[in-house]
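First comes the structure, then the notes that go with it.
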Amino acid sequence: MKIGKHWLCYTPVWFIAIISIMLLIFGNGNVYLFGWILLGFNILGYFTIKSYKWIAKDGEILIESGVLPWQKSYIRIPVARVLGMTVDRGGFFGWFLNYGTITLNALDGSSSPIIGKHMKGAVAFMEHITGGDHPDRSDIRNDSAEILSEPVPNINKN
């Protein structure tokens, strides 16, 4: 399963693109030059948003970001090492437009969570990871269920 940023993330990019095209059409001198510079940064911003992906396959989660080859970053997390995953839809619009913010906590990693904001299909991605689609996650669930089902010894023997 592969998810990326929601289309709402692109609205500021398109708004700035319209402004920069207006500057190119109606501007002259420094304003015209500013329109080209703004359009260049806008194109870079578009591809930066487009290149941010969360991919779940072969028992791992791959988080990919970056446009230029020397700026690309990859984070690989085995699904068996996922401690917890939450999705915050951000209210009615997140539910209606099917996007949310994913927070991923992993074992044996950094103490800070990995956050993906405004990801389309965030709930389906979380259910894909935590819903038992991966056989290596079932071991962790069975172990934790056994631990939770064991009776607690009585310490107070009066």
Side-chain angles (χ1 to χ4, degrees), residues 1-21 24 35-152:
M1 177 173 210
K2 179 178 171 182
I3 63 171
K5 293 284 192 177
H6 194 266
W7 63 266
L8 283 176
C9 295
Y10 295 102
T11 53
V13 172
W14 293 116
F15 181 71
I16 293 172
I18 291 170
I19 290 173
S20 61
I21 290 171
L24 290 174
W36 277 112
I37 293 170
L38 189 64
L39 187 63
F41 279 113
N42 196 39
I43 291 170
L44 182 63
Y46 170 80
F47 285 114
T48 301
I49 294 170
K50 189 165 180 62
S51 70
Y52 189 74
K53 298 179 195 101
W54 286 45
I55 304 166
K57 66 176 186 177
D58 300 331
E60 68 182 7
I61 299 171
L62 174 66
I63 301 168
E64 180 182 326
S65 64
V67 177
L68 302 173
W70 55 89
Q71 289 181 330
K72 281 205 175 273
S73 66
Y74 301 93
I75 301 172
R76 289 186 188 274
I77 302 167
V79 174
R81 300 316 239 164
V82 173
L83 178 63
M85 182 180 269
T86 60
V87 172
D88 176 25
R89 283 193 164 167
F92 173 75
F93 288 110
W95 169 79
F96 185 69
L97 297 174
N98 191 26
Y99 72 89
T101 298
I102 303 173
T103 305
L104 178 94
N105 294 310
L107 295 171
D108 297 338
S110 66
S111 60
S112 60
I114 300 168
I115 299 173
K117 293 187 175 195
H118 308 297
M119 305 298 289
K120 68 180 171 190
V123 173
F125 187 82
M126 182 185 71
E127 289 172 352
H128 178 74
I129 298 298
T130 62
D133 291 341
H134 299 282
D136 49 347
R137 288 292 293 172
S138 62
D139 298 344
I140 292 175
R141 281 195 203 93
N142 291 338
D143 292 344
S144 62
E146 290 172 10
I147 292 170
L148 292 174
S149 65
E150 291 178 7
V152 178

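Basis for what follows: all heavy atoms, side chains included, without hydrogens, waters or symmetry-related copies. In this chain, numbering begins with 1 at the start of the sequence shown.
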(Q) Ring-plane angle category for F96 and F92, please: parallel below 30°, perpendicular beyond 60°, tilted otherwise. (A) parallel
Locate the shortest heavy-atom distance separating [X] from [Y]; write the atom from each residue and the value.
| X | Y | value |
| --- | --- | --- |
| G121 | I3 | O-CG2, 4.2 Å |
| K117 | K5 | O-NZ, 2.7 Å |
| A106 | I77 | CB-CG2, 4.0 Å |
| I49 | C9 | CD1-O, 3.5 Å |
| Y46 | W14 | CE1-CZ2, 4.1 Å |

**Q.** Validation row, ring centre Y10 to ring centre W7 under 6.0 Å
**A.** no
(Q) Looking at I55, is its backbone amide N or carbonyl O close enough to the side chain of K2 to form a donor-acceptor pair, meaning the two atoms are under 3.5 Å apart? (A) no
Q.
Given V87, which partner from the list M119, M126, E127 fulfils the side chain to side chain contact (heavy atoms under 4.5 Å, CB included) test?
A. M126
Q) Knowing that exactly one of I129, L62, I75, L104 qualifies, which makes a side chain to side chain contact (heavy atoms under 4.5 Å, CB included) with W54? A) L104
Q. Do the non-hydrogen side-chain atoms of I63 and K53 ever get within less than 4.5 Å of each other?
A. no
Q) Out of curiosity, T11 OG1 to I16 CD1, how far, rounded to the nearest 0.5 Å? A) 10.0 Å
Q.
Would you compute the distance between atom CZ of R89 and atom CH2 of W95 and round it to the nearest 0.5 angstrom?
A. 8.5 Å
